[in-house]
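Numbering of residues begins at 1 and proceeds along the displayed sequence. Reckoned from all heavy atoms, side chains included, excluding hydrogens, waters and symmetry mates.
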Amino acid sequence: MLSAFNIKSNEIIPVCVMATMSSGKSTFLNAILGDEILPEKNEACTARALFVLNMPKAGEARAYIRKNDGKKHAVDISYSDTVTKINSDENVTDVLIVKEIPSLVNSRKTIVLVDTPGVNNSGDIRHAERTEEILDQLKKGIIVYLLNATQLATNDDELLLQMVLEHVKRNNDVKILFVLNKIDMLDEDKESIPDTINNASIYIQDHGLKEFGIFPLSALSAKTFRMKLNGKLLTKAEERHMNQSYPEYRDNSKGMLQYVKSYNQIGKQYTINDEVVSEYELRRAIENTGIVEIERAIEKIIQQLEYRPIENADALNEYSELEGVYSRKRKTRNFENYTGDILWICKNCKQVNGQNQVCLHCKSPNFRWFKR
């Protein structure tokens with residue numbers, strides 16, 4: 001699965017998230033990551049799986065990419081649109097994101113989150129083919145299968161679910177968890193949450209699986225709450241969603257968590273919808289979205305799986321830094337540190353902009369450009 005990065009399959013525990021388009025796969029993964037790392041556009045993306053390697057104390061998140069010309073690069077991904085740009089580059093063959101994932105206790109086991117393309121209605125058969133390739137390589141690990149609570153039993157989902165369940169039946173070391181996402185978007189005057197969960201259970205049973213668990217979830221609320229908790233910048237739409245949804249997930253009842261120091265740092269407060277809330281209250285709201293129970297279920301399965309430590313983790317240090325192509329974070333003026341194919345240089349600020357003919361730093365079309 002990660003052989004392109006010299007990582008063997010018996011050195012990792014894959015957690016593959018699979019669903020049809022618009023089910024919220026990337027939002028769910030970003031909720032676990034506590035940051036907006038993976039692309040969330042509601043459209044068919046490049047037919048490529050994205051891998052996130054959990055590395056404790058990794059520091060700043062980075063992407064390691066391989067191109068079809070054999071070149072290997074390390075890319076800073078502090079900006080939320082960087083991975084989107086990498087994912088849309090047809091010259092990129094493999095992507096590995098390395099980041100610490102505090103919400104998953106890895107117990108010294110190396111967890112890899114996998115964002116699969118999935119089956120969708122884009123007409124691009126590569127998405128289903130790539131997902132099938134991932135399944136073929138998955139002999140041990142976890143499949144987190146996302147169902148869209150607002151759109152159960154679509155044709156796309158029928159095909160994908162059947163393919164996934166057939167694989168699980170053939171491989172005893174592959175476990176499956178079902179997540180019923182977008183539960184907060186139901187019109188409860190017309191369809192109740194218990195009825196929707198029951199309908200989802202019947203739908204899965206009709207595909208031949210008898211014993212399973214379904215975890216209801218609002219991935220978007222979980223993501224925005226965690227980003228707020230981690231001090232990440234929210235978009236206006238995310239801020240608006242958080243302000244509207246926080247009162248629904250707030251729980252002022254007594255609980256043991258308020259007595260745990262890590263849940264109630266002294267003086268730690270957050271402002272949501274003009275209300276000052278404590279860290280305990282925000283963490284309780286995160287738990288009420290359903291994300292924490294899913295993470296606990298994942299950890300319980302991981303505890304039972306065997307693994308070997310990664311032997312060639314240092315091989316990623318050989319990847320050359322690539323700046324000014326996918327990310328605008330650092331102003332790049334030193335050509336020796338730049339490994340792009342074409343150099344466009346802003347006459348005004350000397351920023352090296354790769355193949356972008358509009359300055360990534362100044363963002364002005366009025367500057368003159370020079371090709372090196």
Side-chain angles (χ1 to χ4, degrees), residues 1-5 7-21 23-33 37-40 45-54 83 87 94-99 101 103-104 106 109-120 126-148 156-157 159-181 204 207 209 212-215 217 219 291 294-295 297-307:
M1 191 171 289
L2 292 180
S3 58
F5 300 95
I7 297 175
K8 300 175 183 177
S9 59
N10 60 357
E11 297 174 340
I12 59 175
I13 304 293
V15 179
C16 299
V17 182
M18 297 185 174
T20 57
M21 191 176 71
S23 294
K25 286 191 291 86
S26 298
T27 302
F28 167 67
L29 284 164
N30 284 334
I32 291 178
L33 297 173
I37 299 289
L38 300 172
E40 294 184 12
C45 300
T46 303
R48 175 192 299 118
L50 296 175
F51 301 90
V52 184
L53 177 68
N54 181 26
V83 177
N87 199 38
D94 301 282
V95 182
L96 173 63
I97 297 167
V98 175
K99 184 186 186 300
I101 310 175
S103 62
L104 290 179
N106 68 5
K109 297 181 181 180
T110 306
I111 301 169
V112 176
L113 299 179
V114 186
D115 186 6
T116 61
V119 178
N120 57 64
R126 294 179 302 165
H127 293 258
E129 290 175 344
R130 186 57 181 140
T131 298
E132 195 164 5
E133 289 175 10
I134 292 294
L135 280 174
D136 289 342
Q137 299 173 49
L138 186 64
K139 305 303 179 185
K140 173 193 65 179
I142 304 170
I143 294 174
V144 179
Y145 194 98
L146 259 68
L147 295 164
N148 187 339
D156 285 340
D157 194 84
L159 293 171
L160 180 59
L161 180 58
Q162 192 62 44
M163 181 171 64
V164 168
L165 291 183
E166 287 176 359
H167 182 81
V168 171
K169 291 173 184 177
R170 293 193 303 266
N171 295 271
N172 292 331
D173 288 335
V174 176
K175 310 301 179 183
I176 187 166
L177 298 174
F178 290 96
V179 173
L180 189 58
N181 192 26
I204 296 169
H207 283 77
L209 195 63
F212 55 88
I214 296 181
F215 296 85
L217 173 71
I291 190 71
I294 296 168
E295 290 162 346
I298 291 172
E299 290 167 5
K300 186 176 180 180
I301 296 174
I302 288 172
Q303 300 285 349
Q304 303 168 4
L305 299 175
E306 296 181 359
Y307 89 111

Over 12 foreign heavy atoms within 6.0 Å of NZ, Lys300: no
Quick one, Leu160 and Tyr145 - any side-chain contact, counting heavy atoms below 4.5 Å? yes
The reported gap from CZ in Phe51 to OG1 in Thr116 (rounded to nearest 0.5 angstrom) is 9.5 Å
Using distance alone, with no hydrogens and no angle criterion, decide if Glu40 and Ser26 have a side-chain donor and acceptor under 3.5 Å apart. no
Heavy atoms from other residues, nucleotides or ligands near CG of Asn172 exceed 12 (cutoff 6.0 Å): no
Looking at every heavy atom in both Ile37 and Asn30, which two are closest together, and how far apart are they? N-OD1, 3.1 Å
To the nearest 0.5 Å, how far apart are CE in Met1 and CG in Asp94? 12.5 Å
Run the side-chain contact (heavy atoms from CB on, under 4.5 Å) test on Phe28 and Val144 for me, step by step, so that the C-alpha distance in whole Å, both residues' side-chain angles and the decisive distance to 0.1 Å come before the verdict. CA-CA 10 Å; Phe28 167 67; Val144 179; 3.8 Å; yes
Is there a side-chain contact (heavy atoms from CB on, under 4.5 Å) between Leu209 and Phe178? Walk through the geometry before answering. CA-CA 12 Å; Leu209 195 63; Phe178 290 96; 3.6 Å; yes
Give the minimum heavy-atom separation between Leu50 and Pro39, together with the two atoms involved. CD1-CD, 3.9 Å
Do the side chain of Asn181 and the main chain of Ala219 share a donor and acceptor less than 3.5 angstrom apart? yes
side-chain contact (heavy atoms from CB on, under 4.5 Å) between Leu2 and Val112, worked out: CA-CA 10 Å; Leu2 292 180; Val112 176; 3.9 Å; yes
Restricting to non-hydrogen atoms, name the atom on Cys16 and the atom on Ile134 that form the minimum distance, rounded to 0.1 Å. SG-CG2, 4.0 Å
Residue pair Phe215 / Ala297: nearest heavy atoms and the distance that separates them: CZ-CB, 3.6 Å
Residues in side-chain contact (heavy atoms from CB on, under 4.5 Å) contact with Asn148, at least two apart in sequence or another chain: Ser22, Ser23, Thr150, Gln151, Lys182
With sequence neighbours left out, what residues match Lys8 under side-chain contact (heavy atoms from CB on, under 4.5 Å)? Asn10, Glu11, Glu311
Would you give the length of the straight line joining atom CG of Leu161 to atom CG of Leu147, rounded to the nearest 0.5 angstrom? 7.0 Å
Step-by-step salt bridge (charged side-chain N to carboxylate O under 4.0 Å, His left out) determination, Arg130 to Glu133: CA-CA 5 Å; Arg130 186 57 181 140; Glu133 289 175 10; 2.8 Å; yes
Are side-chain heavy atoms of Ile101 and Ile111 found at a separation under 4.5 Å? no
Answer yes or no: is there a donor N or O on one side and an acceptor on the other, between the side chain of Lys99 and the main chain of Leu33, under 3.5 Å? yes
Under the 3.5 angstrom rule, does the side chain of Asn171 hit a backbone N or O of His167 as a donor-acceptor pair? yes
For a side-chain contact (heavy atoms from CB on, under 4.5 Å) check, start with the C-alpha distance between Val179 and Val17, then their side-chain angles and the critical distance, and finish with the verdict. CA-CA 10 Å; Val179 173; Val17 182; over 6 Å; no
Applying side-chain contact (heavy atoms from CB on, under 4.5 Å), can you list everything that pairs with Asp173, at least two apart in sequence or on another chain? Lys140
Quick one: pull up CD1 in Ile294 and CD1 in Ile32 and give me the separation to the nearest 0.5 Å. 7.5 Å
Distance check, rounded to the nearest 0.5 Å: Leu53 atom CG versus Ile12 atom CD1? 8.0 Å
In the structure I gave you, are the side-chain heavy atoms of Leu138 and Val114 within less than 4.5 Å of one another anywhere? no
Is there a side-chain contact between Asn54 and Leu113 in this structure, where contact means two heavy atoms from C-beta onward sitting under 4.5 Å apart? no
Closest approach of Ile298 and Ile142, non-hydrogen atoms and distance? O-CD1, 3.6 Å
Got a second to check how far Leu146's CG is from Leu217's CG, nearest 0.5 Å? 7.0 Å
Quick one: are Val174 and Ile143 in side-chain contact, heavy atoms under 4.5 Å? yes
Would you say that Leu38 contacts Ile97 through its side chain, given a criterion of any heavy-atom pair below 4.5 Å between the two side chains? yes
Might you point out which heavy atoms bring Lys169 and His207 nearest each other, and give the distance in Å? NZ-O, 3.6 Å
